[in-house]
Amino acid sequence: MNGNMWNASFVCFLLAAAAAVISAVFRQWSRKNEKYHSHAEGRVVSIKTEPAERTDNRSEFHDRQFAVIEYIAEGKLIKVKSPETFYPCPYYVGQKFRLCYDKSDPQNFEICTEKKWKTCAALMYGTAIVLVVFGCILFLMFAARVEI
C-alpha cells in the first residue's frame with residue numbers, strides 16, 4: 001500500500017507541474033491579446049446626456065447617455081468620454097473599474113474585462129496548488145508508513 005501512496009504523490013506532483021505550465025501559457029496568451037498594456041483605475045465622475053440623432057433612424061426616440069471617466073495615466077489626470085453611448089447608461093457616478101490605455105497616447109483606452117484566458121489561468125493555478133498540497137499529504141503519509 002505504501003508504494004501506491006508514493007506513486008499517487010508522484011502523479012499529483014506531475015499533474016501540478018502540468019497545470020502550472022498550462023496556467024503560464026494561458027496567462028501569456030491573455031497578455032499577448034490585450035490591446036493596450038498599461039493599466040489604471042478609472043472612476044466615473046458624471047453621466048452626460050446628448051440628443052439622439054433622429055435623422056438616421058426615426059424609431060430611436062431616446063437621448064444618448066455617456067459616462068465621463070477620469071484616471072491617472074503617466075502622472076497626468078485624464079478625463080475622457082466613454083467609448084459608447086447608451087440609454088440608460090450602465091455606469092453610475094463613483095463606479096470604479098480597471099482601464100487599459102495606450103502608454104504613448106493615454107486618451108486611447110478601453111475598459112478591461114475579465115477575459116476567459118485569465119479565468120482559465122487562475123483556475124489552472126488553483127488546481128496546481130491543490131494538487132501540490134494533496135501530493136505533499138500523500139508523500140507524508142508514505143513517509144510515516146500510514147496504512148489505509
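Small disclaimer: the values here were computed from a predicted structure and weren't measured.
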Evaluation steps, side chain to side chain contact (heavy atoms under 4.5 Å, CB included), between I69 and R43: CA-CA 5 Å; I69 302 167; R43 184 173 61 93; over 6 Å; no
Closest heavy-atom pair and its distance - A122, R27: N-NH2, 4.4 Å
Shortest non-hydrogen contact from C12 to G135? CB-CA, 3.7 Å
Atom CZ of residue position F13 - does it have more than 12 heavy atoms of other residues, nucleotides or ligands inside 6.0 Å? yes
Any donor-acceptor pair under 3.5 Å linking the side chain of T127 with the backbone of L123? yes
Could you check whether the rings of W6 and F10 sit parallel, tilted or perpendicular, using 30° and 60° as the cut-offs? parallel
Between the OG atom in S9 and the CG atom in L131, the distance rounded to the nearest 0.5 Å is 12.0 Å
Provide the closest heavy-atom pair for A128 versus A20 in the form atom of the first, atom of the second, distance. CB-N, 3.9 Å
Could you state the interatomic distance from CD (E70) to CG (L99), rounded to the nearest 0.5 Å? 11.0 Å
Check whether Y71 and V93 end up in the same hydrophobic cluster, where Ile, Leu, Val, Met, Phe, Trp and Tyr are linked by side-chain heavy atoms less than 4.5 Å apart. yes
For S23 and Y125 the tightest heavy-atom approach is OG-CB, 3.6 Å
Please round to the nearest 0.5 Å and tell me the distance separating atom CD1 of I47 and atom CD of Q95. 8.5 Å
Is any side-chain heavy atom of L138 less than 4.5 Å from a side-chain heavy atom of F134? yes
Within this structure, what is the CE-CD1 distance for the pair M5 and I137, rounded to the nearest 0.5 Å? 11.5 Å
Evaluation steps, side chain to side chain contact (heavy atoms under 4.5 Å, CB included), between V44 and F97: CA-CA 9 Å; V44 176; F97 39 78; 3.7 Å; yes
